[in-house]
There are 2 protein chains.
Amino acid sequence: MRRSTPLDRLLDPALFRALGERNRLTLLACIAKCGRACSVGEVAECCSVDLSVVSRHLAALARAGVLDVEKAGRVVRYKVRYAQLAATLRGLADALDGCSPGRDEAGCDEGGCRGCC
Amino acid sequence: MRRSTPLDRLLDPALFRALGERNRLTLLACIAKCGRACSVGEVAECCSVDLSVVSRHLAALARAGVLDVEKAGRVVRYKVRYAQLAATLRGLADALDGCSPGRDEAGCDEGGCRGCC
DNA sequence: TGCGTACTTGCGTCATTGTGCAAGTATTGG
DNA sequence: CCAATACTTGCACAATGACGCAAGTACGCA
């Protein structure tokens with residue numbers, strides 16, 4: 001049994017699922033471009049869905065580690081975890097390059113994928 | 001109306017939705033670690049689902065631009081588009097860093113997100 | 001030409017998820 | 001203390017998607 005590679009560690013379905021919905025991406029882009037923490041009501045103007053839906057989307061993005069939440073009184077503000085997200089994406093890019101052929105490190109046995117997965 | 005930023009261009013729901021499923025990620029990791037083009041039957045041994053499911057997953061990943069497909073006789077081989085995928089991920093990381101505060105470029109109006117989204 | 005291999009596609013099923021509405025909770029201001 | 005603001009949560013519903021099975025297609029080989 002082969003130990004888990006950086007690639008396996010970074011390929012998290014939950015993260016991508018969180019990013020795999022148009023309205024969620026719109027909300028994320030909105031907050032990202034604001035460059036500051038945004039309240040739920042504020043960011044809700046980005047997309048034309050019910051406020052409750054926005055609330056759920058933002059909570060989902062926070063659960064996935066994409067956003068940070070901070071509560072101040074009755075206002076809930078979400079902000080992008082720029083550093084973490086960027087690091088994850090770059091780490092993934094690096095892991096992929098590390099697998100790329102040319103700088104061969106020999107993939108799996110030629111006989112099929114029996115060895116490598 | 002604000003023109004579309006690199007961030008908007010790179011935040012593609014279709015790509016993330018393709019990556020947002022465990023079996024698809026397993027298949028992707030398998031092919032990536034092999035470092036070569038893998039046939040459908042080969043890579044099907046990675047996860048315990050029907051071959052038809054694997055076929056559909058690989059086709060979906062190809063549609064999302066993650067894999068390249070090449071047919072040789074009756075064998076269909078998929079390989080990872082390392083360069084494109086890594087470039088997309090790094091571009092996204094860069095776009096995020098570009099939005100990050102500190103190196104302020106002034107987000108949107110303080111009044112809310114009316115201006116920026 | 002017929003058979004086996006290597007997928008792909010159609011179809012039905014079941015689970016998940018995105019959505020709006022309505023009701024609930026928490027906090028602030030008068 | 002009451003009302004308004006700012007969310008959150010429960011619920012029902014529709015749409016999507018993952019899955020297995022069975023049938024279909026495409027290709028190579030004897």
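Every chain is numbered from 1, with letters handed out A, B, ... down the list of sequences. Since the model is a prediction, treat every value here as computed from it, not as a measurement.
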Output the distance between atom CG (L27(A)) and atom OG (S55(A)), rounded to the nearest 0.5 Å.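 Answer for the CG-OG pair, L27(A) versus S55(A), is 10.5 Å.
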Would you mind telling me which of [options] lies closest to the side-chain atoms of [X]?
{"X": "R74(B)", "options": "dC7(C), dC27(D), dT19(C)", "result": "dC27(D)"}
{"X": "V75(B)", "options": "dT28(C), dT8(D), dC7(C)", "result": "dC7(C)"}
{"X": "E21(B)", "options": "dA18(D), dC21(C), dT17(C)", "result": "dA18(D)"}
{"X": "S39(A)", "options": "dC7(D), dT19(C), dC7(C)", "result": "dC7(D)"}
{"X": "V40(A)", "options": "dC21(C), dT8(D), dT19(C)", "result": "dT8(D)"}
{"X": "V53(A)", "options": "dT27(C), dT8(D), dG20(C)", "result": "dG20(C)"}

Side-chain-base donor-acceptor pair under 3.5 Å for [X] and [N]:
{"X": "R56(A)", "N": "dG20(C)", "answer": "yes"}
{"X": "S52(B)", "N": "dC19(D)", "answer": "no"}
{"X": "R22(B)", "N": "dG17(D)", "answer": "no"}

Go through it in stages, so that I can follow the logic: the residues are D8(A) and T5(A), the test is side chain to side chain donor-acceptor pair (under 3.5 Å), and I'd like the CA-CA distance, side-chain angles, deciding distance and then a yes or no. CA-CA 5 Å; D8(A) 294 311; T5(A) 68; 3.0 Å; yes
dG17(D) phosphate, OP1 or OP2: any side-chain N/O from H57(B) under 4.0 angstrom?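 Looking at the OP1 and OP2 atoms of dG17(D), neither is under 4.0 Å from any side-chain N or O of H57(B).
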Return no unless some side-chain N or O of R24(B) is found under 4.0 Å from OP1 or OP2 of dA18(D).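 R24(B) to dA18(D) OP1/OP2: side-chain N or O found under 4.0 Å.
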Starting from [atom2] on [N], measure out to [atom1] on [X] and report it in whole angstrom.
{"X": "Y78(A)", "N": "dA6(D)", "atom1": "OH", "atom2": "P", "result": "16 Å"}
{"X": "R17(A)", "N": "dG17(D)", "atom1": "CZ", "atom2": "P", "result": "13 Å"}
{"X": "L27(A)", "N": "dG18(C)", "atom1": "CG", "atom2": "P", "result": "12 Å"}
{"X": "D50(A)", "N": "dC7(D)", "atom1": "CG", "atom2": "C1'", "result": "11 Å"}
{"X": "L51(B)", "N": "dT5(C)", "atom1": "CG", "atom2": "P", "result": "14 Å"}
{"X": "L58(B)", "N": "dT8(C)", "atom1": "CG", "atom2": "C1'", "result": "12 Å"}
{"X": "L19(A)", "N": "dG18(C)", "atom1": "CG", "atom2": "P", "result": "12 Å"}
{"X": "E45(A)", "N": "dA6(D)", "atom1": "CD", "atom2": "C1'", "result": "14 Å"}

For R77(A), which contact category applies under a 4.0 Å heavy-atom criterion: base, sugar-phosphate, or nothing? nothing
Which atom pair, heavy atoms only, marks the closest approach of [X] to [Y]?
{"X": "A62(B)", "Y": "Y78(B)", "value": "CB-CE2, 3.9 Å"}
{"X": "A32(A)", "Y": "C99(B)", "value": "O-CB, 3.1 Å"}
{"X": "L7(A)", "Y": "K33(B)", "value": "CD2-CG, 4.2 Å"}

5' precedence on DNA chain C between A72(A) and N23(A) (nearest-nucleotide basis):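 With A72(A) and N23(A) compared, the 5'-side residue is N23(A).
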Does this structure show an ion pair linking R90(B) with D97(B), if we count only N-O contacts that are shorter than 4.0 Å? no
